[in-house]
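Everything on this sheet refers to the single structure shown next.
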Amino acid sequence: MEYASCSTCLLKSKAVKSLGENELHILGQGCVQTVFKKGETIIKQGALSSNIIYLQTGLVKLMIDGSHRTQILRMKKAPCYLGLPTTMGDKINHYSAVALKKTTACFVDINVFKELLKISPEFSYEIIVELCKNELEQFNRYVRLVQNQIYGRLATNLLYFSNEIYLSDEFKLPLNRTELADLVCTSRETISRQLTELAEEKIIDIDGKHLRIVNKSLLEEISKKG
DNA sequence: GCATTAACCACAG
DNA sequence: CTGTGGTTAATGC
């Protein structure tokens with residue numbers, strides 16, 4: 001096994017950038033980079049959690065297998081940390097993370113991570129900022145999920161893909177219809193119907209997974225109204 | 001009542 | 001895996 005050389009790594013997080021040579025050396029002792037193919041599981045719900053993961057490149061879905069169905073908690077796009085809540089919060093992972101395309105991840109031993117939190121305030125600060133931003137996003141997503149109708153929720157998520165993940169009005173959906181349903185909290189059939197409806201209204205162009213947003217302002221309107 | 005929303009089932013490409 | 005049609009239940013005028 002090769003130890004990572006963190007000081008020369010070009011894909012450092014903002015938190016890691018604040019570390020000195022000495023601390024980077026500590027990190028390097030407990031840090032391994034791994035590549036995941038599309039569909040591979042990076043974190044498994046129910047398994048023992050012993051690593052903090054930094055997503056360097058790629059795209060991931062976080063999901064929980066509930067008693068009745070699967071729920072996609074959110075998408076996560078690199079660069080970002082993965083599994084902070086599930087690794088620090090309990091011995092066992094509460095959710096799974098699955099790569100939606102080729103993804104590079106850096107696994108950091110939990111004890112090394114804790115050590116860095118202790119010795120570097122700047123590092124800790126950046127971690128807290130990321131955690132807080134995530135919590136706010138999740139709170140807002142939760143409210144939308146409960147208070148908006150499906151049409152609006154779907155619109156919101158399509159806009160999220162466009163604005164936050166692909167930075168383009170045209171992209172290939174990373175999820176199939178069932179997964180979209182798990183993300184939006186509805187049934188596969190409803191997703192199908194509403195996508196064709198959005199296409200009929202000339203708000204989007206859809207061909208399989210290829211999606212182009214034609215009328216963005218209207219889509220934003222639908223997203224806002226719920 | 002009547003309309004709307006959305007889930008579940010079935011079936012066909 | 002996806003789209004569509006029929007049916008049904010809940011909810012709101």
Side-chain angles (χ1 to χ4, degrees), chain A residues 35-47 55 57-78 82 93-105 137-226:
Chain A
V35 176
F36 290 89
K37 282 179 272 192
K38 181 179 175 177
E40 286 188 320
T41 299
I42 301 172
I43 298 179
K44 169 95 178 140
Q45 179 179 347
L55 266 197
T57 67
L59 184 67
V60 158
K61 64 172 174 179
L62 303 186
M63 50 189 260
I64 286 183
D65 271 322
S67 48
H68 294 289
R69 46 178 298 166
T70 297
Q71 173 69 46
I72 296 184
L73 302 168
R74 62 166 301 166
M75 317 287 288
K76 275 255 171 191
K77 179 196 174 189
L82 260 197
N93 288 320
H94 286 209
Y95 53 83
S96 298
V98 176
L100 293 172
K101 60 182 204 179
K102 189 184 166 200
T103 290
T104 327
E137 277 178 39
Q138 281 307 108
F139 283 170
N140 285 317
R141 195 173 127 71
Y142 169 68
V143 170
R144 273 200 311 273
L145 230 33
V146 172
Q147 298 188 356
N148 290 356
Q149 286 178 195
I150 293 166
Y151 206 50
R153 303 211 297 261
L154 178 58
T156 305
N157 280 282
L158 295 182
L159 286 169
Y160 181 80
F161 287 138
S162 166
N163 295 334
E164 309 294 331
I165 295 183
Y166 294 104
L167 311 177
S168 162
D169 285 350
E170 192 168 4
F171 52 88
K172 189 173 168 237
L173 284 168
L175 306 173
N176 63 27
R177 306 291 133 118
T178 305
E179 291 171 310
L180 275 178
D182 293 338
L183 178 68
V184 177
C185 294
T186 181
S187 65
R188 188 205 102 235
E189 295 94 322
T190 299
I191 290 287
S192 267
R193 276 188 252 266
Q194 302 213 347
L195 281 175
T196 35
E197 194 172 331
L198 282 171
E200 278 166 8
E201 300 290 328
K202 305 226 184 311
I203 297 166
I204 61 169
D205 254 358
I206 184 127
D207 179 18
K209 287 188 176 175
H210 284 278
L211 187 120
R212 189 162 56 90
I213 297 176
V214 180
N215 190 340
K216 198 160 194 171
S217 52
L218 231 178
L219 194 60
E220 281 162 354
E221 193 69 18
I222 294 167
S223 163
K224 209 184 295 173
K225 275 195 200 152

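Quantities reported herein were computed from a predicted structural model and do not represent experimental measurements. Basis for what follows: all heavy atoms, side chains included, without hydrogens, waters or symmetry-related copies.
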Least distance between heavy atoms, A:Leu55 atom then A:Ala78 atom: O-CB, 3.6 Å

Between P of C:dT2 and CG of A:Leu211, the distance in whole Å: 13 Å

Whole angstrom value for the distance that separates P of C:dT2 from CG of A:Asp182: 12 Å

Gap between atoms NZ and C1', on A:Lys172 and C:dC1 respectively (whole Å): 14 Å

Separation of atom CD1 in A:Ile150 from atom P in B:dC8, rounded to whole Å: 10 Å

Check: B:dC8 base within 3.5 Å donor-acceptor of A:Glu189 side chain: no

Short side-chain N/O contact to B:dA7 OP1/OP2 from A:Thr186, under 4.0 Å: yes

Distance, rounded to the nearest Å, where A:Leu180 contributes CG and B:dA6 contributes C1': 17 Å

Given C:dC1, C:dG3, B:dA6, the nucleotide with the shortest approach to the side chain of A:Asn176: C:dC1

Side-chain heavy-atom pair A:Ile222, A:Ile203 within 4.5 angstrom cut-off: yes

C:dT4 OP1/OP2 closer than 4.0 Å to side-chain N/O of A:Thr196: yes

A:Leu145 CG to B:dA6 P, straight-line distance once rounded to whole Å: 12 Å

Distance in angstrom units between A:Ile191 CD1 and C:dT4 C1', rounded: 16 Å

Atom of A:Leu100, atom of A:Met75 and distance for their closest heavy-atom approach: CD1-CE, 3.2 Å

A:Thr190 side-chain N/O to B:dA7 phosphate OP1/OP2 under 4.0 Å: yes

First encountered from the 5' end of DNA chain C, between A:Arg193 and A:Lys209: A:Lys209

Flag if over 12 foreign heavy atoms under 6.0 Å of NZ, A:Lys209: yes

Sugar-phosphate, base or nothing in reach of A:Ser192, heavy atoms under 4.0 Å: base

Between CZ on residue A:Arg188 and CZ on residue A:Arg193, distance to nearest 0.5 Å: 9.0 Å

